[in-house]
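What you are looking at is a predicted structure, and each value in this text was computed from that prediction instead of being measured. Lettering follows sequence order; numbering is per chain, from 1.
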Amino acid sequence: MTYVLDGMDPAPHASDRLLEGLNPQQREAVEYRGPALLIVAGAGSGKTSVLTRRIASLIQNREAYPSQILAITFTNKAAAEMRERVEQLLGQRAEGMWISTFHSACVRILRREAEHFGFTRSFTIYDSADSRALIKRIIKELDADTMGHTVSSAANKISRLKNELTDVESYARQANFNDPNEAMFLEIFRQYTRELQRANAFDFDDLIAQTVYLFRAFPQVAALYQRRFRHILVDEYQDTNHAQYALIRELTRRPDMELLEGAVGFDGQPLRISKTPLDESSLTVVGDSDQSIYAFRGADIRNIVEFERDFPRSKVILLEQNYRSTQNILDAANAVISNNFDRKDKNLFTTFGAGEKIVGYTGYSGHDEAQFVADEITELHRNGTDYKDIAVFYRTNSQTRALEEIFIRSAIPYRVLGGTKFYERAEIKDVMAYLVCIANPADPMALRRIMNVPKRGIGPATEAALQSWADARDESLREAMRHAGELGLGPKVTGAITGLAEILDEVGSTVEKTQVPDVLTTLLQRTGYVEALRASRDPQDEARAENVDELVAVTKEFQRNNPGGRLLDFLTEVALVAAADELDDSSGTVSLMTLHTAKGLEYDAVFITGVEEDLLPHRMSANEPGGPAEERRLFYVGITRAKKRLYLSLAMTRAAFGDVSVAMPSRYLQEIPPQLIEWKQSPGDATSRGGLRPRALNARREGFSYRNSLPSGGGMPAAPKPKTEWANKVTGQVRDNGDLTLEPGDRIRHVDFGDGRVVDVTGVGAKKIAEVLFDTAGRKRLLIKIAPIEKL
DNA sequence: TCATAAAACCTTTTT
DNA sequence: GGTTTTATGA
């Protein structure tokens with residue numbers, strides 16, 4: 001079978017340059033041609049390089065036009081990078097390639113085709129919070145909470161069903177109606193689906209699932225995309241779920257050319273259909289089952305494990321040589337992952353040499369651990385490592401708090417990826433809801449959110465009256481607002497409602513021709529949103545107003561990058577940003593992120609914090625089938641991100657929910673050969689009480705099961721905070737030293753570190769930093785304004 | 001209707 | 001420790 005385009009000769013030697021510097025396996029992965037190829041790419045084995053060269057060689061050898069290529073990546077940032085690298089290899093713009101995430105590709109398809117099945121192309125996307133808000137409403141209305149249905153259980157179940165391509169009807173077909181619980185869930189699912197359709201909105205899972213339904217229900221639509229995408233490449237295949245798998249199957253199917261009679265192409269022109277039938281598209285998938293870490297959101301490892309069985313004439317190529325890490329880091333990674341049975345044995349190797357040992361540290365508390373991380377980063381930076389080449393990974397977002405506190409105090413520039421996001425702030429959600437109301441007038445959730453924000457005197461009672469007017473006439477909530485006069489409400493409320501409706505309608509009528517920042521500023525001005533914040537006497541509202549200004553800046557940035565972009569494009573982009581997309585390579589800051597976000601990234605120096613039982617592996621994973629193995633893979637992913645240096649740290653006690661619990665070293669630490677780790681403070685050196693009793697790694701003390709809460713209040717007298725006994729302890733205390741001035745030579749006293757001498761002072765104003773040599777605690781960098789210090 | 005206070009819940013991981 | 005929901009009174 002050949003994939004050479006009609007009437008074009010392949011250029012035989014043109015691709016030599018594309019193979020430069022590749023090992024034999026990589027080379028084969030670039031050059032192999034056939035219907036299905038699986039590239040098993042261990043961590044750091046150069047898969048991105050292989051993928052980009054494979055795409056470039058298809059284009060350069062004239063086996064494919066750029067427009068015939070669909071490449072799926074895990075993040076938007078990875079997509080942008082891949083496009084750039086392909087264009088660099090080709091030395092020209094490769095117009096028409098689709099390189100994007102599953103979700104972005106599906107949005108693009110759905111925008112074009114939504115009209116086929118009862119949506120319009122101006123649909124909006126519900127994020128998880130929107131979905132949950134809708135489900136909450138439905139549960140309340142149905143009184144389903146009395147039957148034990150919670151928002152999160154229902155949301156998770158619906159998400160799982162959608163990832164399995166089970167829609168309401170097929171669920172109903174196999175549901176057990178004798179079980180009132182199940183019947184109730186079905187009703188929740190049904191109403192949720194109906195409300196989404198009414199709101200002209202898709203949730204995250206719909207984006208994939210509805211695209212599959214679209215292709216199945218409308219073969220002539222599917223044929224259009226099957227004919228177009230002749231080469232489909234999927235990265236991180238081990239983390240695809242069933243719906244994504246089905247989507248790929250639909251797309252690679254052989255197109256039925258007869259269905260395309262009279263169809264319109266992507267350029268808006270009628271298609272010219274050739275007589276020769278087309279084969280199925282060629283599929284290339286890249287993945288590593290050892291890095292599968294998204295089972296919780298439906299990723300099905302069988303997709304990659306059973307690939308060969310699934311695609312009969314397929315080829316598998318293994319990439320095992322690692323070009324990223326030192327041998328010590330790889331040995332640790334290999335040792336850890338080999339504890340997962342049920343996997344194909346695979347051993348990464350490198351020619352880089354052993355490198356530095358892994359550094360271990362056991363802190364007394366999360367703060368102490370964070371101080372260790374900060375100290376080591378300062379040291380690394382002093383020795384020439386850029387901040388941007390350093391990253392800190394953790395299992396849960398809550399671990400950022402201690403790290404941030406200490407980093408601020410130590411004047412380490414950092415950036416937290418993901419976590420509490422800008423777009424999750426109430427004021428940003430409000431303003432975004434206004435924008436959604438403009439872009440998609442059918443969406444009642446967005447409208448409800450802003451109806452009384454800023455305060456207009458439209459309370460729940462008024463809203464209910466509007467809703468019942470709408471329900472009685474099968475009209476939208478928005479339409480009800482336009483007819484507020486017919487509800488017999490007070491003149492003041494009526495005026496407020498019609499006033500808001502007018503603003504929305506007027507701004508909405510100009511949206512097609514207006515730049516996004518102008519839409520936003522007009523809205524803010526006419527609704528008085530910022531004005532209300534500025535007039536408020538809540539001191540936090542000033543910061544909220546600044547956040548809104550920041551959003552205006554974001555829209556300007558968007559418009560600059562997308563000159564033709566409209567409001568819908570902006571909303572889509574915002575809805576689909578991933579945590580890793582926020583990375584800015586030129587930022588010059590240390591990156592903090594969860595282990596999940598770290599997938600696909602690499603850093604010279606990597607810190608993995610909280611390597612403790614109940615955190616890594618996380619307590620919640622213990623009961624899930626396959627949970628502990630997945631946690632181990634997560635740790636493996638973290639380790640293999642490190643190029644030169646790896647630091648593993650834990651704490652003896654960790655603060656959670658306001659009180660402190662004892663933490664035990666993670667079982668995974670034992671799985672790393674001891675000679676690979678150099679402990680600066682081993683779990684044996686530190687005990688949770690700060691005493692000297694040595695303690696075996698991972699031994700459990702009598703009287704303590706895992707993570708027992710230390711006694712605190714309630715009956716027993718509150719135990720004294722054990723931290724205060726420790727010379728090394730670090731408090732969360734923050735103070736304002738005003739304009740305390742320090743000079744080299746000054747003696748100071750620090751609450752945590754004791755006495756010390758100022759060595760150097762740098763920076764200006766509020767960012768003045770003192771470098772202090774403490775008598776016992778060593779060298780530290782302190783932000784003078786807030787450090788708990790006094791001059792002696 | 002709205003502002004403030006008390007109480008309840010919470011923490012896996014994410015497109 | 002922090003957010004979000006509910007209770008209370010103006």
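- Counting atom types as modelled, A:R395 pairs a side-chain N or O with a base atom of B:dT13 as donor and acceptor under 3.5 Å.
- A distance cut-off of 5.5 Å between ring centres, combined with a plane angle under 30°, places A:H618 in a stacking arrangement with the base of B:dT12.
- The interatomic distance linking A:F657 (CZ) with B:dA7 (P) rounds to 19 Å, in whole Å.
- Defined by atom type and a distance below 3.5 Å, a donor-acceptor pair is missing between the side-chain atoms of A:D127 and A:Y423.
- Regarding contacts with the backbone of B:dC2, a side-chain N or O of A:N452 is found under 4.0 angstrom from either OP1 or OP2.
- Using a 4.0 Å heavy-atom criterion, one finds that A:S398 contacts the bases of the nucleic acid, with or without backbone contacts as well.
- One atom, CE of A:M593, and another, C1' of B:dT13, lie 14 Å apart when rounded to the nearest Å.
- An aromatic stacking contact links A:F296 with the base of B:dT13, defined here by ring centres under 5.5 Å apart and ring planes under 30° from parallel.
- Few gaps surround CZ on A:R534; more than 12 heavy atoms of other groups in view lie less than 6.0 Å from it.
- Looking at which nucleotide of DNA chain B each of A:A578 and A:S621 is closest to, the 5′-most match is held by A:S621.
- A side-chain donor from one of A:Y529 and A:D430 sits under 3.5 Å from a side-chain acceptor of the other.
- Per the geometry, NZ belonging to A:K455 stands 6 Å off P belonging to B:dC2, to the nearest Å.
- Counting any heavy atom pair closer than 4.0 Å across all strands shown, A:K492 reaches no nucleic acid atom.
- For CD of A:Q467, the number of neighbouring non-hydrogen atoms (other residues, nucleotides, ligands) closer than 6.0 Å is greater than 12.
- Within 4.0 Å of A:S128, counting heavy atoms only, lies at least one base atom of the nucleic acid.
- For the atom pair CZ of A:F204 and NZ of A:K162, the computed distance is 12.0 Å after rounding to the nearest 0.5 Å.
- When the side-chain nitrogen and oxygen atoms of A:K136 are compared with OP1 and OP2 of C:dT5, one or more of them lie within a distance under 4.0 Å.
- A:N397 places its CG atom 18 Å from the P atom of B:dC10, with the value rounded to the nearest Å.
- For a distance-only test at 3.5 Å, the side chain of A:T396 fails to qualify as a donor-acceptor partner of the base of B:dT12.
- For the C1' atom pair drawn from C:dT5 and B:dT12, the interatomic distance equals 23 Å after rounding to whole Å.
- Between the CD1 atom of A:I293 and the P atom of B:dT12 there is a distance of 17 Å, given to the nearest Å.
- With a 3.5 Å ceiling on both atom-pair distances, the Watson-Crick or G-U wobble partner of C:dA10 is B:dT1.
- Atoms CZ (A:F635) and C1' (B:dT13) sit 16 Å apart, rounded to a whole Å.
- Between A:I109 atom CD1 and A:L251 atom CG the span is 6.0 Å, to the nearest 0.5 Å.
- We find that CD of A:E631 is positioned 13 Å from C1' of B:dT11, with the value rounded to whole Å.
- Searching all strands for a Watson-Crick or G-U wobble partner of B:dT15 with both distances below 3.5 Å returns nothing.
- Residue A:Y294 is classed as a sugar-phosphate contact, given heavy-atom separations below 4.0 Å to backbone atoms only.
- Base engagement by A:E624 is indicated by at least one non-hydrogen atom pair under 4.0 Å involving a base atom.
- Along DNA chain B, the nucleotide closest to A:R297 and the one closest to A:T462 are compared, and the more 5′ of them pairs with A:T462.
- Taking the C1' atom of each, C:dT6 and B:dT11 are spaced 22 Å apart, rounded to whole Å.
- Of the listed nucleotides (B:dT11, B:dT14, B:dT1), B:dT14 has the atom at the smallest distance from the side chain of A:T594.
- Looking only at distances, a side-chain donor or acceptor of A:N339 sits under 3.5 Å from a matching main-chain atom of A:V336.
- A straight line from CD of A:E612 to C1' of B:dT11 spans 15 Å, rounded to a whole angstrom.
- Residue contacts for A:N76: at a heavy-atom cut-off of 4.0 Å it reaches no nucleic acid atom on any strand shown.
- Rounded to a whole angstrom, the distance from the P atom of C:dT4 to that of B:dT13 is 15 Å.
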